[in-house]
Structure formats: structure tokens, C-alpha cells
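Heavy atoms only: backbone and side chains are in, while hydrogens, waters and symmetry mates are out. Numbers here are sequence positions counted from 1.
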Amino acid sequence: MAVSRTVPIVQTIGDASRSDRLRDEVIAGLSLPAGEKFMSPLVLYDERGLRIYDEITDVPDYYLFGAEKVILETHADEIARIMHSGFSHVGNEAEPRNSLVVELGAGALTKTSLILGALARQVPGPSAEPPVQYYALDLEKRELERTLVALNQSAVGTELLGKVSTNGLCGTYDDGLKYITSGGLDGPSAAKVRPALHIIFLGSSLGNFARGDDAAFLRSLPLRPGSGDTLLIGLDHGYDPERMALAYNSPTGTNRRFVLNGLKCAGRALGDESLFEERKWEYVSKHNEELRRHEACYQSTCDQTIVTSTHTFAFIKGELVNLVYSHKYSEQDTSTLFADAGLTPVRRWTDIALQYSLWLLERPAVV
């Protein structure tokens, strides 16, 4: 049957505006004493920041993106086959289940397109109502609209027609999970078979959470026990400190541009993009071997005071302002993480260097 292309719909979700929340987070972090200050990592992901991040993924030194992409190029069909294999028994008959696929922090959809194409190949034929519904969750509405339109107009988009629908959700991780839990993605209540939920969380983004908070976040995911719901997650093992140093501070300077762009976003959140003068700040990238993580910080290059209409923030020369941690996961870390999160591995795929893994997980049935 002939199926026409549709324009992706990007829905803004969440109770408060992102600008209000970001302003509050920036104020809270910079109001702490010297040595304890932190900047909300959300400042990195304005529209310009997302585009600079896309540039980072093209830099060979940034191995996380390349390793994950190779895994998906090699195994996407197997991953999709397992994700799509859920059946639900209604009466005495087994019916194939429709699927909801939600990606947390979707970005440019470069790797996602490999998964979606593979999922489309699991669907026998096109229909007016595609059986797989994909939702990209990210922070910038215009960037979501741009990437989704580009996907739909690509060769992969043609493959998805009538098989996989693509739309967006603009909000934070918490916004997205609340939206799912409250039934925001539910179809008609009369549906005989509840769609399977598949959450995608790529890029080792879980490593940005503190230890312990990472497991708590995974526990909060609305995966139903024993239902066929799954989580596809990427984790970096971080076995090579020298390689990590280049990944997070490439000689190309792209990482530095990405981080320093966050100062403009922080300024906008406080009412003036020029509040943080770039010449007075530097990007500090360091590896913490004891805590198995990369640490990204801002460093004040001079004594300075930043004044807004409501707050004054003082910084001394050399003071570090924590920005974002990227935790790495050993085999023991991974095992502990999944156990604490109440998740069971279904399958694991690794890159050739065994530096990076994609895991497909489920919440086991309660016995």
C-alpha cells in the first residue's frame, strides 16, 4: 500500500519551563563556597552546543561514538529482532505486539537510524498506522525538529514509511519518564495488547550520574517486569586513560569549544549571554583513576565577580567549577549496577577493543 511521509510532531513536555529550571540550577551551583561550586551540565546542550557535540562525534579521538556506531552497524538487526520478538497471548492466540521506542537524549539520530532501520526490517509490510512508534527525547525543540525532518527525508526515512513513525518529546529525562508513566504515550484504552516499551540510552550517558544515582535512575525507568519491555544502554569501560584523555580534550579543540559555549548558555539563563567572559575561563579535563571517571571543569583564570540583578558570584584565580563527570564501568561496576537497578541482561555486544559495550536489559518477572 502507498504510505505518504508525515511531518514529525515535537511536543514540549514538563511542568516548568526549561529556562526557569536551568536558571535555578545555575544559581544553586554557583552560590556554593569555593571548591564546591558546580555548573549545571544542562548548559552544554543548547542548540549551538548540540551542533558542536555533533562535530565532536566526527572526531576520531572520540572513541565512544565510533565504538557504539560500529556495534550497531554490525548487530542492529540482531538487536532489533530481540527487541521486536515479544508476543502477548490474548485468549488462545499469540498476536505480534506493537512497540513504543523512546530514546533518552536522542541527539543527531546518526546511530539511532541504524536501530530504526533494523526495526523497520522486522515489520512485514507498511500500514496506515505503523506498528513501531519512535519518540526522540531531547532538550532543544528546533534541533529535534531539524534532526527528525532530516531522518524522514533520508534513505532510512524511506525504509521507515508505514513501519516506524517518528516524533519528538522536548524535555529532560525526568520530564520524559513522568510523561510515559502518566500515560502520555498510551494508545486507545480498548487495545487488546499493550505495546512493548523499549527505551534507548546510548553514548554512555548514564556515566554522567553519580555512583548510586545511576542505579536509582535505572530503577525509575517504567519497564514492566516480565513484559518484554527492554532497555538498550551503552556503557564505556574506560580501560585506556590516554585514549580517554584524547576523547575528552582532542587537539582539534572541539571539546573546548563545546564546554566554553556552555558559559553563554549559563549567561542567558541569568539574563545576559555575555556575563561569563570567555577570556576569563578555561576548560580543564582530567582523569580520576581512583573514582574511575573523567572530570570536566571550568577554571577561573583570574579573580572575578559576576553580578546579576539578584545575585553576586565571586571566583578566585585558579578556582575550579565542576561541570560534568563521565563515570566508567568495570565488569564489577556493571554487575553491581544492574543488580542494584533490578535489571537482568538479555544480551551484550562489545567493540573489538572490548572498551565499550551495548547491553539489552529487561526487568525480570516477579516470582
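- For the residue pair Ser205 / Asn208, no side-chain donor-acceptor distance below 3.5 Å is found, with atom types taken as modelled.
- Under the rule for a salt bridge (Lys or Arg N to Asp or Glu O under 4.0 Å), Glu36 has no partner lying at least two apart in sequence or in another chain.
- Both tests do not hold together for Lys264 against Phe276: distance to the six-membered ring centre under 6.0 Å, angle to the ring axis within 45°.
- Side-chain contact annotation: Thr147 with Glu143, donor-acceptor N/O pair under 3.5 Å absent.
- Taking 4.5 Å as the limit, every side-chain heavy atom of Leu263 sits out of range of all side-chain heavy atoms of Val43.
- Residues meeting the salt bridge (Lys or Arg N to Asp or Glu O under 4.0 Å) test with Glu55, sequence neighbours left out: Arg257.
- At a cut-off of 3.5 Å, with distance as the only test, no side-chain donor of Thr172 or Asp174 sits close to an acceptor on the other residue.
- Using a 4.5 Å heavy-atom threshold, the side chains of Thr112 and Leu72 count as separate.
- In this structure, a donor-acceptor pair under 3.5 Å is present between the side chains of Glu103 and Tyr134.
- Residues Thr336 and Asp333 have side chains that never bring a donor and an acceptor to within less than 3.5 angstrom of each other.
- Arg268 and Asp46 are joined by a salt bridge, as a carboxylate oxygen and a charged side-chain nitrogen come within less than 4.0 angstrom of each other.
- The one candidate from Ser40, Cys297, Pro41 that meets the side-chain contact (heavy atoms from CB on, under 4.5 Å) condition with Val324 is Pro41.
- Scored by the side-chain hydrogen bond (donor to acceptor under 3.5 Å, both in side chains) test, Thr12 finds no partners at all (sequence neighbours excluded).
- By the 4.5 Å heavy-atom criterion applied to side chains, Leu148 and Asn167 are not counted as neighbours.
- Hydrophobic clustering of Ile, Leu, Val, Met, Phe, Trp and Tyr side chains at less than 4.5 Å, counting indirect connections, keeps Val149 apart from Leu161.
- A salt bridge does not link Lys317 to Asp303: none of the charged side-chain nitrogens sits closer than 4.0 Å to a carboxylate oxygen.
- Proximity of the aromatic rings of Tyr298 and Tyr283 is defined here by a centroid distance below 6.0 angstrom, and this criterion is not met.
- Residues Tyr329 and His237 place their aromatic rings such that the two centres sit no closer than 6.0 Å.
- In terms of the side-chain contact (heavy atoms from CB on, under 4.5 Å) criterion, residue partners of Thr110 (sequence neighbours excluded) are, by chain and number, Phe65, Lys69, Ala108.
- Grouped by direct or indirect side-chain proximity (heavy atoms under 4.5 Å, Ile/Leu/Val/Met/Phe/Trp/Tyr only), Tyr325 sits alone.
- Leu320 shares a hydrophobic cluster with Val284; the chain of contacts runs through ILVMFWY side chains whose heavy atoms sit under 4.5 Å apart.
- Between the side chains of Thr230 and Glu362, no donor-acceptor pair is found at a separation under 3.5 Å.
- Classification of the Trp359-Phe338 ring pair by plane angle, with boundaries at 30° and 60°, yields perpendicular.
- When all heavy atoms of Pro131 and Val123 are compared, the pair lying nearest together is CG-CG1, 3.7 Å.
- Heavy-atom contacts from other residues, nucleotides or ligands closer than 6.0 Å to CD of Glu331 number more than 12.
- For Phe201 and Phe217, the gap between ring centers is short of 6.0 Å.
- By the rule that hydrophobic residues join a cluster once side-chain heavy atoms approach within less than 4.5 Å of another member, Val70 and Val156 end up as members of separate clusters.
- There is a side-chain donor-acceptor pair under 3.5 Å between Tyr63 and Asp236.
- At a threshold of 4.0 Å, the pair Asp229-Arg363 does not count as salt-bridged, since none of the basic side-chain nitrogens sits closer than that to a carboxylate oxygen.
- Under the 3.5 Å distance criterion, with hydrogens and angles disregarded, a donor-acceptor pair is assigned to the side chains of Asn152 and Thr166.
- In this structure, Arg348 forms no cation-pi arrangement with Tyr356, as its terminal cationic atom is not both closer than 6.0 Å to the ring centre and no more than 45° off the ring axis.
- A salt bridge is absent between Asp214 and Arg219: the closest approach of a Lys/Arg side-chain nitrogen to an acidic carboxylate oxygen does not fall below 4.0 angstrom.
- In this structure, the side chains of Lys163 and Gln122 stay at 4.5 Å or more apart for every pair of heavy atoms.
- Residues Lys280 and Glu277 are paired through a salt bridge, judged by an N-O separation under 4.0 Å between the basic side chain and the carboxylate.
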